Amino acid sequence: MTSARAPRRTSSPTTGDVPTAAFVVVANRLHVDRVEDPDGSTAWRTSPGGLVTALEPVLRRNQGAWIGWHGAPDEVVEPFVQDGFQVVPVPLSRQELEEYYEGFSNASLWPLYHDSVALPEYHREWWDSYVTVNQRFADKAAEVAETDGVVWVQDYQLQLVPKMLRELRPDLKIGFFLHIPFPPRELFLQLPPRREVLEGLLGADLIGFQVPGAAQNFIRLVHRLTDYLTHRDAITLPSGHVALARAYPISIDAGGFQAIADSPEVIARAEEIRRDLGDPETVFLGVDRLDYTKGLRQRIKAFGELFSTGDLDQDRHVFVQVATPSRERVEHYRRLRDDIDMLVGRINGEVGRIGRSPINYLHTSVPREEMAALYRAADVMVVTPLRDGMNLVAKEYVACRTGNDGALVLSEFAGAARELKQAYLVNPYDINKTKAALLAANHASPEEKTRRMRAMRKQVFRHDIDHWAGRFLHDLSTSEAVIADQADQAG
Ligand code: ADP
Ligand code: F6P
């Protein structure tokens, strides 16, 4: 991605030369990473995520801006232009990193929103820091957004921004999208600042969730904690402001993944991976961030049992697990890493022999092309989170199976399970049934695999990331008409 035209810069009476934009994305992280070149100079490289792929044309067209943290604490970075739009870094101090990001975002909200699969911790100073940082993001968005502009706030780290921003700039259209699950009422009620979080979100015109159940959880909570009027998916605040809460299942750049998977380099690399694994009959693959929500303990245990009982044979089958390092300073994540190292070591030690390890475990991040080669090389993809907002890995695998082959074993508790119904669906807590599903996927006939994969590919290609962003932004820009229409029908 290269820079096209520079977004316009206008003067602000308060700060002088400030970039402004008609379309603004606000996210905890920027879509660019700082990289150091061999000569010691630094540059910004776009991390090729689905979100930026979908929003790049909108950002370019609208001379947009992306507001986010640049990844290093205690450092102020000036705005710059990349990929044809404005990048506006927001600073975080080391203490804010510990309290707002590692603390309230990732040790309170993250586990709570994922069914409390790890125990959430609450500390008042973490919340104070969350408020301070959210206000900083809201202030920045208020400074950057042009009159009557559109601001799209992303994810659980920034749930207070919609309300804060509306107070500063009532002229704006404000959207919010939650990338992770929204918990059921009984769990959310634990959260000490529960009312503040709800009110924060209700500042948006449109609040997007991954699945309809999450939007319903949200509306039920509004009922429980406030006396605001709700009608279907519309919530009316005493000020007259109306917020819509709806589901927009996120997706991937399916065409982009397919093109990478079909490139001669990736095809050759996939063959090389299989050769390096000893040309097994079946390659099972897991690819996840190393997160306790991903069900890695249960998954590895299931494979360990299948290898030790002889249902899988290390001369014919191999399980490759790639786990990206993630949030390594948070205690639960540290413990998980040690547990997985130990579990894999124990199984390979007990079942493996010289030159053969039934589990190939890599604790690393890999480039997109290598991901596509792994997907191509895998006969059975194993995606078994205990809870997941969507799970893009499952969709990426499907997009890369250009021969309509391969099989997907997928957790019922991933948002993706609502769309990928032809996967082998499992309850990841049920290790026996997970083992049975792994074997069923392995033994399915080529015709059966093709039938399932064709249907899943149709779904993923019809509902790709452009479809997702297009639907959300359309509904955001027409939210007033939708609300008026609903009011007419009700009245
Ligand atoms: P989450 O957002 O919880 O990490 P998703 O499955 O929705 O889970 O998204 C993960 C994204 O990270 C996918 O786009 C996937 O390609 C990428 N990814 C996962 N593991 C790795 C890895 N080891 N190396 C590089 N990218 C990875
Ligand atoms: O899916 C939630 C999410 O926060 C994504 O937005 C992000 O890409 C991923 O988890 C990794 O999180 P972090 O930014 O904390 O490394």
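Computed from a predicted model, the values in this text were never measured in an experiment. Counting starts at 1 for both ligands and their atoms, in listed order.
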Which atoms of ligand 2 have any heavy atom of Tyr156 under 4.0 Å away? 4 (O)
For atom 4 (O) of ligand 1, what is the closest protein heavy atom, and at what distance to 0.1 Å? Arg289 NE, 2.7 Å
Go through ligand 1 atom by atom and flag the ones less than 4.0 Å from a non-hydrogen atom of Val322. 23 (N)
Considering non-hydrogen atoms only, spot the tightest contact between Pro249 and Trp468 and give its length. O-CD1, 3.3 Å
Does a salt bridge link Lys163 with Glu199, judged by any charged N lying under 4.0 Å from a carboxylate O? no
Contact bool for atom 11 (C) of ligand 2 (protein heavy atom, d < 4.0 Å): yes
With a 4.0 Å cut-off on heavy atoms, is Trp69 in contact with ligand 2? no
Ignoring angles and geometry beyond distance, decide whether Asn28 reaches within less than 3.5 Å of ligand 2 through its nitrogen or oxygen atoms. no
Output yes when the distance from some N or O of ligand 1 to some N or O of Phe257 is under 3.5 Å, and no in every other case. no
Which atoms of ligand 2 have any heavy atom of Arg289 under 4.0 Å away? 9 (C), 10 (O), 11 (C)
Under 3.5 Å between any N/O of Trp110 and any N/O of ligand 1: does that happen in this structure? no
State whether the number of non-hydrogen atoms from other residues, nucleotides or ligands found under 6.0 Å of Arg334 atom CZ is greater than 12. yes
Quick one: are the ring centres of Phe177 and His179 less than 6.0 Å apart? yes
Does ligand 1 have any atom that is closer than 4.0 Å to a heavy atom of Val383? no
Between Gln210 and Gly415 (side chain of the first, backbone of the second, donor and acceptor by atom type, cut-off under 3.5 Å), is there such a pair? no
Students should be able to answer this: which protein heavy-atom is nearest to atom 10 (C) of ligand 1, and at what distance? Val393 CG2, 4.3 Å
Any donor-acceptor pair under 3.5 Å from Ser116 side chain to Ala118 backbone: no
Among all the protein's heavy atoms, is there at least one whose distance to atom 27 (C) of ligand 1 comes out below 4.0 Å? yes
Closest approach of any protein heavy atom to atom 1 (O) of ligand 2, naming residue and atom: Ile180 CG2, 4.1 Å
Distance-only N or O hit between ligand 2 and Arg327, under 3.5 Å: yes
Can an N or O of Thr324 be found at a distance shorter than 3.5 Å from an N or O of ligand 1? yes
Any protein heavy atom nearer than 4.0 Å to atom 2 (O) of ligand 1: no
Check this for me: Arg454, atom CZ, are more than 12 non-hydrogen atoms of other residues, nucleotides or ligands nearer than 6.0 Å? no
Which protein heavy atom lies closest to atom 15 (C) of ligand 1, and at what distance to 0.1 Å? Glu396 OE1, 3.4 Å
Quick note on ligand 2: atoms under 4.0 Å from a heavy atom of Gln157 include exactly 4 (O)
Are more than 12 heavy atoms from other residues, nucleotides or ligands located less than 6.0 Å from atom CD of Glu331? yes
May I ask you to check whether Asp291 and Ser326 show a side-chain donor-acceptor distance below 3.5 Å? no
Considering only heavy atoms, which of Thr293, Asn391, Val366, Asp253 lies nearest to atom 24 (N) of ligand 1? Val366
Could you tell me whether Arg356 atom CZ has more than 12 heavy atoms of other residues or ligands within 6.0 Å of it? yes
Should Arg269 and Glu369 count as side-chain neighbours, where that means a heavy-atom distance under 4.5 Å? no
We want to know whether Asp430 and Asn427 form a side-chain donor-acceptor pair, criterion being a heavy-atom distance below 3.5 angstrom. no
Taking the six-membered ring of Tyr424, is the NZ or CZ of Arg452 close enough (under 6.0 Å from the centre) and on axis enough (within 45°)? yes
Report the nearest protein non-hydrogen atom to atom 6 (O) of ligand 2: residue, atom name, distance rounded to 0.1 Å. Asp155 OD2, 3.4 Å
Decide yes or no for Leu386 and Gln298: does some side-chain heavy atom of the first lie under 4.5 Å from some side-chain heavy atom of the second? yes
For ligand 2, which atoms have a heavy atom of Arg29 less than 4.0 angstrom away? 13 (P), 14 (O), 16 (O)
Contact region, Gln154 to ligand 2, non-hydrogen atoms below 4.0 Å, reads neither
Considering the heavy atoms of Val287, write down every atom of ligand 1 situated less than 4.0 Å from one of them. 19 (C), 20 (N), 21 (C)
Can you pull out the closest protein heavy atom to atom 8 (O) of ligand 1? Residue, atom name and distance to 0.1 Å, please. Lys294 NZ, 3.1 Å
Tell me which part of Thr364 gets within contact of ligand 1: side chain, backbone, both or neither, using heavy atoms under 4.0 Å. backbone
Got the closest protein heavy atom to atom 9 (O) of ligand 1, with its distance? Leu392 CB, 4.0 Å
Counting heavy atoms under 4.0 Å, the part of Met371 that contacts ligand 1 is side chain
How close does the nearest protein non-hydrogen atom get to atom 15 (O) of ligand 2, and which residue and atom is it? Tyr101 OH, 2.5 Å
Ring-face cation of Arg327 near Trp110 (centre distance under 6.0 Å, axis angle within 45°): yes
Hey, which atoms in ligand 2 end up nearer than 4.0 Å to a heavy atom of Trp110? 2 (C)
Side-chain donor-acceptor contact under 3.5 Å, Gln258 with Asp262: no
Do Tyr100 and Gln157 have side-chain atoms, one donor and one acceptor, less than 3.5 Å apart? no
